[in-house]
Structure formats: C-alpha cells, structure tokens
Amino acid sequence: MIQDISPKKLNNSYSVKSVNTNSLVVLFKGGKFLLKIDNDKKEISYPLAGVLGLDIHYTYLFSIDDEDFFYTDSEAVNIPKDFSFYDMRDLRKDYLFPKHYVFAAFTAFQLIEWYEGTRYCGRCGSLNENSLTERARVCPKCGKTVYPRINPAVIVGVINNDKLLLTKYRTGFAHNALVAGFTEIGESVEETVTREVMEETGLKVKNIRYYKSQPWGIASDILMGFFCEVNGDDSIKMDEEELKYAQWVPRKEIELQPLEYSLTNEMMKIFKEGLL
C-alpha cells in the first residue's frame, strides 16, 4: 500500500524545526505540487529550500528518516529548471520512485488542506495562529483550538463462498472497488459496515472481522478494512445513484486495480490469491 515505505519511517510528530538548504519543500498552489518528474526513469524530486530561497515563510510538515519536509505557498520563490506543477492524478497514474516521496505527497496534501482550510476561526472569524506546543490552530481572540481532521471510513470485502462482491462507482474512479463509506456520528465502524453494504447493495452481512487500516491523505481519511460474509439472500439490489456496477465475481476472475497503492486493491488481491 502507499504507506508501506519500510525500512524508511514517517515521523509526523509536532516539532519546531528550522529550514535549511537541504530541506525538501512542498510548494503547493491551486491543488498542485512543484516537482520534477523524470518520465523515463520514473523518478520524482522535490525542490530544495536552498534553491527556492531561505528568506520566505516555511511550515514544517514531517520527516521521513533524516529528510525534513516543509510547506510554502509563497510567490517569492525561484522556480528551479525542469520543475513543473503536478496534481495528484499525475502521481497516481504510474509507479514513481522513490516510493516514500509519493507517500510524502499524499501526507503533505492532507496537512496542507488542513492548514489552508483553517486560516480563520470557525467560531468568530479571526485569523488563526499556529500553536507553539502542538499541531493545532488557535484563535487568539476566542481561544478555539482546532486539530487536523481525520475522517473514519470503511472498506468492506463481502464474501459469498468463492466469490467477492465488486463494485464500480458511477462517477470518478473507474476501476474495481469494494463497498465503502464514511462512519456517521454515533455509529461504530462495525455498524458502518452493515449500513453501507445494505445501502449500496441491499445485502445483509455476518461475521464482520477487521483486516487492516490505511491512511489516505488525499481525502483526509483513515480507512479501515473489514471482511464479512453475505447473510441469507445474495440477490444484489444496487444503489444506482452511487454505483454503476455491483456483482459477485469468482476469485480467479477478479481484475485488480492498476497500482498496488490502496487498501481496497490489497483486499481484492489476497482474496483472489486464496490467502483468505
């Protein structure tokens, strides 16, 4: 999955760090990153603070091993040669290396969206300030504190003997998927599994069991994967407003997603290969 970057390790603990010439910079504007992508070698590079300029405002995001990543949206930067702006679709259409740089983009996207979306206090409208002790925004007028938003969601592999329930969304993502949805207020994640399967396919399920989780920064999600079995009638009553396809697919006929980045794809893969 996208976060599997071992032996490298993400350190996203809050820290007050100073930028230096070798710091990697996530310059983010209009939903796009400033990067250099070598399409022949499939290599990705971030600009260095020493090249963009050290006299502009940077916000520390996180580190991966000994590499520090900082964010800026400053206009007063020196755009280096061979660097261009790329969106998340450009980073997801093919494998790019090193992989931890791709994961860095996913994680940076989530934090930057939070920073940009919390410039002003949601209670009184004052300009927020960064906390000096933790990753938080603090309103200097009314004291309201806000933390990075993480949305809990489930991915559900529904099993019917030697078949798995596959879906495709009506719009957006074009490849095979599993039943998925966000946890509602006052609802456990197991209840989310039951409700989402019923809403999308009209099926009842049993034997719900947790598989694995995944941070999915481009939507600020924490995805929780579950497997379960169909309970009783296996006739599918598809939600046609959300899905264009929902079908029981035999194990050997499952078509996987083109990249092995997602929890959904891993769950389909282990079922296809008989590991479940």
Side-chain angles (χ1 to χ4, degrees), residues 1-39 41-54 56-74 77 79-80 82-118 130 135 147-151 212-223 257-263 265-266:
M1 295 189 289
I2 188 64
Q3 75 271 22
D4 296 332
I5 59 172
S6 180
K8 293 186 177 294
K9 184 174 177 59
L10 171 73
N11 181 359
N12 61 357
S13 300
Y14 176 79
S15 177
V16 178
K17 288 195 175 187
S18 298
V19 70
N20 60 56
T21 56
N22 294 319
S23 299
L24 300 177
V25 178
V26 183
L27 177 57
F28 190 77
K29 292 182 180 180
K32 295 184 177 183
F33 298 95
L34 181 66
L35 302 166
K36 180 170 72 174
I37 296 180
D38 186 323
N39 289 313
K41 296 181 180 179
K42 303 299 181 184
E43 291 181 347
I44 180 174
S45 301
Y46 288 86
L48 299 177
V51 175
L52 295 185
L54 296 176
I56 60 179
H57 180 264
Y58 291 101
T59 300
Y60 172 70
L61 295 177
F62 50 79
S63 300
I64 298 180
D65 285 356
D66 59 353
E67 294 182 297
D68 295 333
F69 290 77
F70 287 79
Y71 156 60
T72 187
D73 61 356
S74 174
V77 297
I79 303 296
D82 299 329
F83 277 74
S84 300
F85 284 94
Y86 298 90
D87 62 22
M88 289 305 304
R89 289 174 296 180
D90 297 313
L91 299 180
R92 295 180 63 189
K93 66 184 181 182
D94 202 352
Y95 288 115
L96 295 173
F97 302 94
K99 184 182 178 183
H100 70 280
Y101 280 6
V102 182
F103 178 52
F106 274 62
T107 308
F109 186 95
Q110 179 172 359
L111 279 172
I112 293 168
E113 284 282 290
W114 173 73
Y115 275 117
E116 292 187 347
T118 56
N130 289 337
R135 181 91 65 184
Y147 298 92
R149 175 174 56 90
I150 302 174
N151 304 315
K212 191 182 286 188
S213 67
Q214 175 179 41
W216 195 247
I218 57 177
S220 299
D221 296 346
I222 179 68
L223 304 176
Q257 297 173 357
L259 299 181
E260 295 187 354
Y261 278 171
S262 72
L263 174 61
N265 190 74
E266 181 172 301

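The first residue of the sequence shown is numbered 1, and numbering continues consecutively from there. As the structure is a computational prediction, the values presented were derived from the model and not from experiment.
Met88 places a side-chain heavy atom less than 4.5 Å from the side chain of Phe33. Using a 4.5 Å heavy-atom threshold, the side chains of Phe103 and Asp4 count as separate. Phe70 has its side chain out of reach of Thr72: every pair of non-hydrogen atoms, C-beta onward, lies at least 4.5 Å apart. Side-chain contact check for Tyr101 versus Leu96: every heavy-atom pair is 4.5 Å or farther apart. Lys32 is not listed as a side-chain neighbour of Asp90, based on a closest heavy-atom distance of 4.5 Å or more. Contact of the His100 side chain with the Glu67 side chain is registered, since non-hydrogen atoms from C-beta on lie closer than 4.5 Å. Residues Leu34 and Pro80 form a side-chain contact, since some pair of their non-hydrogen atoms from C-beta on lies under 4.5 Å apart.
In terms of heavy atoms, Asp65 sits closest to Pro7 at OD1-O, 4.4 Å. Across every non-hydrogen atom of Arg149 and Gln110, the tightest pair is O-NE2, 3.3 Å. Of all the heavy atoms in Tyr58 and Val19, the pair that sits closest is CD1-CG1, 3.7 Å. Closest non-hydrogen pair, Ser74 versus Ile56, comes out as OG-CG2, 3.7 Å. Scanning both residues, Asp73 and Leu27, for their nearest heavy atoms gives CA-CD1, 3.9 Å. Here the shortest heavy-atom pairing between Asp94 and Lys42 reads OD2-NZ, 2.9 Å.
From Asn130, atom CG reaches atom OH of Tyr14 across 7.0 Å, with rounding to the nearest 0.5 Å. Atom CZ of Phe83 sits about 7.5 Å away from atom CG of Leu35, to the nearest 0.5 Å. Atoms OG and CZ, from Ser23 and Phe69 in turn, are 10.0 Å apart once rounded to the nearest 0.5 Å. Here Thr21 contributes atom OG1 and Leu54 contributes atom CG; the two are 6.5 Å apart, rounded to the nearest 0.5 Å. Between the CD1 atom of Ile44 and the CG atom of Leu91 there is a distance of 5.0 Å, given to the nearest 0.5 Å. In this structure, CG in Leu48 is found 6.0 Å from CG in Leu24, a value given to the nearest 0.5 Å.
The main-chain N or O of Ala219 is found under 3.5 Å from a side-chain atom of Asn151 such that the two form a donor-acceptor pair. Thr107 places no side-chain N or O within donor-acceptor distance of the main-chain N or O of Ala104, the cut-off being under 3.5 Å. Put simply, the side chain of Arg92 never gets that close to the backbone of Asp87: no donor and acceptor are under 3.5 Å apart. Looking only at distances, no side-chain donor or acceptor of Tyr261 sits under 3.5 Å from a matching main-chain atom of Tyr95.
No hydrogens or angles considered: a donor-acceptor pair under 3.5 Å links the side chains of Lys17 and Ser63. There is a side-chain donor-acceptor pair under 3.5 Å between Arg135 and Tyr115. Residues Glu113 and Ser220 have side chains that never bring a donor and an acceptor to within less than 3.5 angstrom of each other.
The aromatic ring centres of Tyr71 and Phe28 sit 6.0 Å or more apart.
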Report task. I would like to know whether Leu259 and Asn265 meet side-chain contact (heavy atoms from CB on, under 4.5 Å); could you show each step before the answer? Result -> CA-CA 8 Å; Leu259 299 181; Asn265 190 74; over 6 Å; no
